[in-house]
Colleague: 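Next up is a structure, given as structure tokens.
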Amino acid sequence: MTKNFKLLLLAGDGIGAEVMRETRRVIQWLGKHRGIVFEMDEDLIGGCAFDAHGHPAPHSMITKALAADAVLLGAVGGPKWAEVDYAHRPEQGLLDVRKALGLFANLRPAICFDALKGASSLKPELVSGLDILIVRELIGGIYFGEPAGIEDLGNGQRRGVNTQVYTTAEIERVARVAFDLAVKRNGRLTSVDKANVMVSGLLWREEVQKIGEADYPHVKLDHMYADNCAMQLVRAPKQFDVIVTDNLFGDLLSDAAAMLTGSLGMLPSASLGAADESGRAHALYEPVHGSAPDIAGQGKANPIAMILSFVMALRYSFDRQEEADLIDKAVRNVLSQGHRTADIADTEESPLSTTAMGDAILNEMNVLNV
Ligand code: NAD
């Protein structure tokens, strides 16, 4: 019996709707040509949800997200909501949904498409063939640790505090995700911390080492200090396979790795929660980029990051590797044929619109589907 997959689409603000439209066409193609039935529902998140319901992550949307097999999210935010209080900002909607789904592992691949190696900030030979995966702990560490706040000390002095805190369980669950991914890839994992100056980093290192020795003896595990990792990423990024790190270092290192690949419009991500007894885990897939207010509504957005985020859903939530490979290949071929949206085009090229890029990818999927 064919299983129906439940997908919740949250297009959000700005270019979110434009890139989601192209992704929806890819999803529908799979229904038509591969017989995969996706039950698609939609809802609002971010600024548009605030406008409609007074909250960027309304209860009704969270309920749907909890019931879905996977959530696809476009982007949130924009200048329209710049004056809204922090608790109701569009970006808060994103944090709320991540928290409600318990998404503790954020996966960000940094893949350099051969056709785009010239767009990297590094020399082409350093990034050609690059394929690394950063696994960032997403709902712990210094962004959430208590105490946190700004205190008035009198005499015109203030004190700002954030607390870095991790427990064994928090480290273990994200480390296991990273080890499992390393097993499926090239069997190498680099765990990144600041164990030389932070005791929380020492705990991180010891716990990751313990899990590696006990359960993943075939994964080659290294430990690296975060500052060295930042240097190595721009010196010789191909030395890495999977990197696992905490929330703060992951935030910084995954952005640095992103720039190795050329454009924000190309970068997907996945955020995964814990699996229940049936093996089903909450998951949210979204491009790394934001709502791009400077180009919103102009049909200029590159839909590839959003489409590749759906490809990650096919891999990690739906276990449809064949279809994921097919879409991946279609994207690579389209780029090799010279199709470009404005963000990845050379100045002399006339760029494709968002829809025309969607058309090119769908055409290539038809060609590959013989
Ligand atoms: P941004 O990612 O929206 O845009 C940065 C630059 O990259 C812009 O010049 C934009 O035009 C370009 N760009 C981004 N995605 C593109 C695409 N798919 N195709 C072509 N060009 C693309 O970052 P920003 O300008 O710093 O933020 C804008 C808004 O988005 C802010 O409100 C911010 O808070 C929000 N934001 C949301 C998310 C998210 O939803 N996950 C992430 C980052 C920023």
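Since the structure is predicted, the reported quantities are computational estimates derived from the model, not experimental observations. When a ligand or atom number is given, it counts from 1 through the structure's own listing order.
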Colleague: Can you tell me which residues line ligand 1 if we count any heavy atom under 4.0 angstrom from one of its atoms, in chain and number order?
Modeller: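 For ligand 1, the residues that come within the 4.0 Å heavy-atom cutoff are I15, A75, V76, G77, G78, E91, L94, L264, G265, E286, V288, H289, G290, S291, A292, P293, D294, I295, A301, N302, D343.
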Colleague: What pairs of residues pass the side chain to side chain donor-acceptor pair (under 3.5 Å) test when at least one of them lies in residues 9-18, not counting sequence neighbours?
Modeller: none
Colleague: Over 60° means perpendicular and under 30° means parallel, so classify the ring planes of F310 and F38, tilted if in between.
Modeller: perpendicular
Colleague: Does the pair E206/K210 count as a salt bridge with the N-to-O cut at 4.0 Å?
Modeller: no
Colleague: Which residues satisfy the side-chain contact (heavy atoms from CB on, under 4.5 Å) test with A330, sequence neighbours excluded?
Modeller: I361, E364, M365, L368
Colleague: Identify every side-chain donor-acceptor pair in residues 138-157 under 3.5 Å, counting partners at least two apart or on other chains, and give the distances.
Modeller:
from: Y143; atom 1: OH; to: D251; atom 2: OD2; distance (Å): 2.8
from: E151; atom 1: OE1; to: R159; atom 2: NH1; distance (Å): 2.9
from: D152; atom 1: OD1; to: G154; atom 2: N; distance (Å): 3.0

Colleague: In this structure, would L260 and L126 fall into the same cluster of hydrophobic residues linked by side-chain contacts under 4.5 Å?
Modeller: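 In one cluster: yes.
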